[in-house]
Amino acid sequence: SQTIHQWPATLVQPVGSPLSLECTVEGTSNPNLYWYRQAAGRGLQLLFYSVGIGQISSEVPQNLSASRPQDRQFILSSKKLLLSDSGFYLCAGDSGGYNEQFFGPGTRLTVL
Amino acid sequence: GQNIDQPTEMTATEGAIVQINCTYQTSGFNGLFWYQQHAGEAPTFLSYNVLDGLEEKGRFSSFLSRSKGYSYLLLKELQMKDSASYLCAVRDVGSSASKIIFGSGTRLSIRP
C-alpha cells in the first residue's frame, strides 16, 4: 500500500519568508499527487494536483506554487508567505480510477 | 461547476444511529468517498461507492444514488471515539485527469 511522507509536522514562519514543503511517496509508481490546505474547522481545499513529472494543475489563484521534479516527489513552495497562508497542509496520493486517496500526516503552518 | 454539500454539524447519542447526508454536483463522476478526520490529524478512508446502492463495512455503511447526486454515511452503535469530522469527496473526471474534490465536512459530536 501507499505511504505518504511529509515534513515538517509543524512550522512557524514570519510574513514575507519563503516556504518549501516536501512530500514523498512509497509503495506505488506514477501516482496522482495532491496538495490540500485546511483552515481550522473547515474542509479540504484542493490547491494543486499532478498526474506526472512536471505536470501541475492549479485549482485556485494564490501565493503558492507546486513542482514535481520526480515521480514520487511533490513540493509546495512560496517566495513570500502571507498571514492568510496559515493552515494545515496535506499531501495526498492515489492511483486514479477506483482507488482511494492516501494522506500524509500533514504540516501545520503558522505565519506570524 | 463543482459543489459538494453536507451539514456542518451533527450531534448524536452513544449507542444510537446517525446518518450524514451529502449531495454533489460535478462535471464528471468516478466514485464517491467518505473519510473520517479527528482533530489535528489527516483524514482516514472509510468507504467508496461507484455504483448505486449500499456498501456495508462493519458499523459503517455508505449509500449512493448517482441519478440524484446523493450519498449518505450511516454509523451504527455509536461510540465516543466516533466523534470526528466526516468528509464526503467525489472523484471528478475532467478532460485531462481525474481529481478528488472534498466537501467541507460534517463535525459529529457524540454525547454519553
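Within every chain, numbering begins at 1; the chains are lettered A, B, ... in the order of the sequence lines, protein sequences first and strands thereafter.
- Within the 4.5 Å cutoff, no side-chain heavy atoms of A:V51 are placed close to those of B:K99.
- Put simply, the side chain of B:Q37 reaches to within 4.5 Å of the side chain of A:L44, judged on heavy atoms.
- With hydrophobic clusters built from ILVMFWY side chains whose heavy atoms lie under 4.5 angstrom apart, A:L81 shares a cluster with A:V15.
- The environment of CZ in A:R42 is sparse: at most 12 heavy-atom neighbours from other residues, nucleotides or ligands sit within 6.0 Å.
- The hydrophobic cluster containing B:V90 does not contain B:Y72, counting ILVMFWY residues as joined when their side-chain heavy atoms lie under 4.5 angstrom apart, directly or transitively.
- By the rule that hydrophobic residues join a cluster once side-chain heavy atoms approach within less than 4.5 Å of another member, B:W34 and B:M10 end up as members of one cluster.
- You'll find the side chain of A:F102 stays beyond 4.5 Å of the side chain of B:T44, heavy atoms only.
- If you measure heavy-atom distances from B:I100 to chain A, the contacts under 4.5 Å come from both the backbone and the side chain.
- The structure places CD of B:E41 at 11.0 Å from CG of A:L90, a figure rounded to the nearest 0.5 Å.
- Clustering ILVMFWY residues whenever any of their side-chain heavy atoms sit less than 4.5 angstrom apart, transitively, puts A:V12 in a cluster other than the one holding A:Y89.
- The closest side-chain heavy-atom distance from A:F103 to B:Y35 is below 4.5 Å.
- More than 12 heavy-atom neighbours from other residues, nucleotides or ligands sit within 6.0 angstrom of CD on A:Q55.
- Two different hydrophobic clusters hold B:Y24 and B:F63 under the rule that ILVMFWY side chains link at heavy-atom gaps under 4.5 Å.
- In terms of heavy atoms, B:A42 sits closest to A:G104 at CB-O, 3.1 Å.
- To the nearest 0.5 Å, atoms CD (A:Q45) and CD1 (B:I101) are separated by 10.5 Å.
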Before giving the answer on side-chain contact (heavy atoms from CB on, under 4.5 Å), spell out for B:F45 and A:Q101 the whole-Å C-alpha distance, their side-chain angles and the decisive distance to 0.1 Å. CA-CA 8 Å; B:F45 171 77; A:Q101 275 187 328; over 6 Å; no
